[in-house]
Amino acid sequence: MARLSGKFYRRDAVALARALLGQVLVRVGPDGVRLAGRIVETEAYLGVADRAAHSYGGRRTARNAAMWGPAGHAYVYFVYGMHYCMNVVAAGPEDPSAVLLRALEPLAGLERMRLQRAAGRAVVLPDEALCSGPAKLAQALGLDRAFDGADLVHGERLFLERGVRIPPTRIVAAPRIGVDYAGAWAERPLRFYVAGNPHVSRHFSR
DNA sequence: ATGACGATTTACT
DNA sequence: GTAAATCGTCATA
């Protein structure tokens, strides 16, 4: 499978959020195990103007430094005292925009994902519960702050490969999840997902 | 030094 | 539907 090039990432966050649907995220585990999933849900965060973005108002801190860096790198952050979430940095330097990966359709390493998602639970999680949420997919793939700033174009442990093209007619645009504090920005249709895909996160109330 | 707050998930009523 | 879990980060002082 072909690795996505640096050029793929150098576009605005909305275009990247749409283009990422259908592509394959690959994580090579410490023991060489290949964990992979097709991206089926994303959200665009539009830089300093976007009240929902960590870079809103020009905020530039140690935490969100990766957002300000070059496109094609990962921005992994820690929230709620227990979860990690992964973004793909879009555009380029001085335009801190990124795309949050919200859900994957598991393709490889399902048993390892199940193990990493189990976390002391007795029940066996169905495939649809492995990567159907930003923190779920991070946990399934074993992503943490060690991957913050990781180069997805040249890295060996975390990268993206060319998958299938999702026709625009199969892409649904909707308001982003969990950003009600962002006022009018919370209403904008910056969440994108593959229509009817069972691995999309279940959040339809608003 | 302190306190409020999450780009969430899960379990429970 | 509601609430708890849980802590790094950042704004304020």
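Only this structure's heavy atoms are used, side chains among them; waters, hydrogens and symmetry mates stay out. Per chain, numbering begins at 1; letters A, B, ... match sequence-line order.
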Tell me the interatomic distance from [X], atom [atom1], to [N], atom [atom2], rounded to whole angstroms.
{"X": "Asp144(A)", "N": "dT6(C)", "atom1": "CG", "atom2": "P", "value": "19 Å"}
{"X": "Asp180(A)", "N": "dT8(B)", "atom1": "CG", "atom2": "C1'", "value": "13 Å"}
{"X": "Gln139(A)", "N": "dT6(C)", "atom1": "CD", "atom2": "P", "value": "14 Å"}
{"X": "Glu128(A)", "N": "dT9(B)", "atom1": "CD", "atom2": "P", "value": "16 Å"}

Under-3.5 Å donor-acceptor pair between Tyr77(A) side chain and dA7(B) base: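 Answer is yes: a donor-acceptor pair is held.
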
Between CZ on residue Arg112(A) and CZ on residue Arg34(A), distance to nearest 0.5 Å: 14.5 Å

Minimum-distance nucleotide to Leu100(A) side chain [options: dT8(B), dT10(B), dA7(B)]: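 The listed nucleotide nearest to Leu100(A)'s side chain is dA7(B).
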
Closest nucleotide among dA5(C), dA7(B), dC7(C) to the Phe78(A) side chain: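 Among the listed nucleotides, the one closest to the side chain of Phe78(A) is dC7(C).
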
Residue pair Gln139(A) / Tyr84(A), side-chain heavy-atom distance below 4.5 Å: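 SC-SC contact between Gln139(A) and Tyr84(A) ruled out.
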
[N] phosphate, OP1 or OP2, under 4.0 Å from [X] side-chain N/O:
{"X": "Arg59(A)", "N": "dT9(C)", "value": "no"}
{"X": "Arg145(A)", "N": "dC7(C)", "value": "no"}
{"X": "His83(A)", "N": "dT9(B)", "value": "no"}

Test item: side-chain donor near acceptor, His54(A) and Tyr75(A), under 3.5 Å: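 The answer is yes; a qualifying pair exists.
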
5'-most by nearest nucleotide on DNA chain B - Gly133(A) or Gly81(A): Gly81(A)

Tyr45(A) over dA7(B), stacked by centroid distance under 5.5 Å, angle under 30°: yes

Arg176(A) to Tyr45(A), cation-pi by 6.0 Å centre distance and 45° axis angle: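 Judged by the rule (NZ or CZ under 6.0 Å from the ring centre, within 45° of its axis), Arg176(A) counts as positioned above Tyr45(A).
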
Derivation and outcome, salt bridge (Lys or Arg N to Asp or Glu O under 4.0 Å), residues Arg10(A) and Asp95(A): CA-CA 11 Å; Arg10(A) 287 183 218 110; Asp95(A) 179 10; over 6 Å; no

Check every strand shown and say whether [X] touches a base, only sugar-phosphate, or nothing at a heavy-atom separation below 4.0 Å.
{"X": "Arg60(A)", "answer": "nothing"}
{"X": "Ala135(A)", "answer": "sugar-phosphate"}
{"X": "Tyr80(A)", "answer": "base"}

Watson-Crick or G-U wobble partner of dC5(B), both distances under 3.5 Å: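 With both distances under 3.5 Å, dC5(B) matches dG8(C).
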
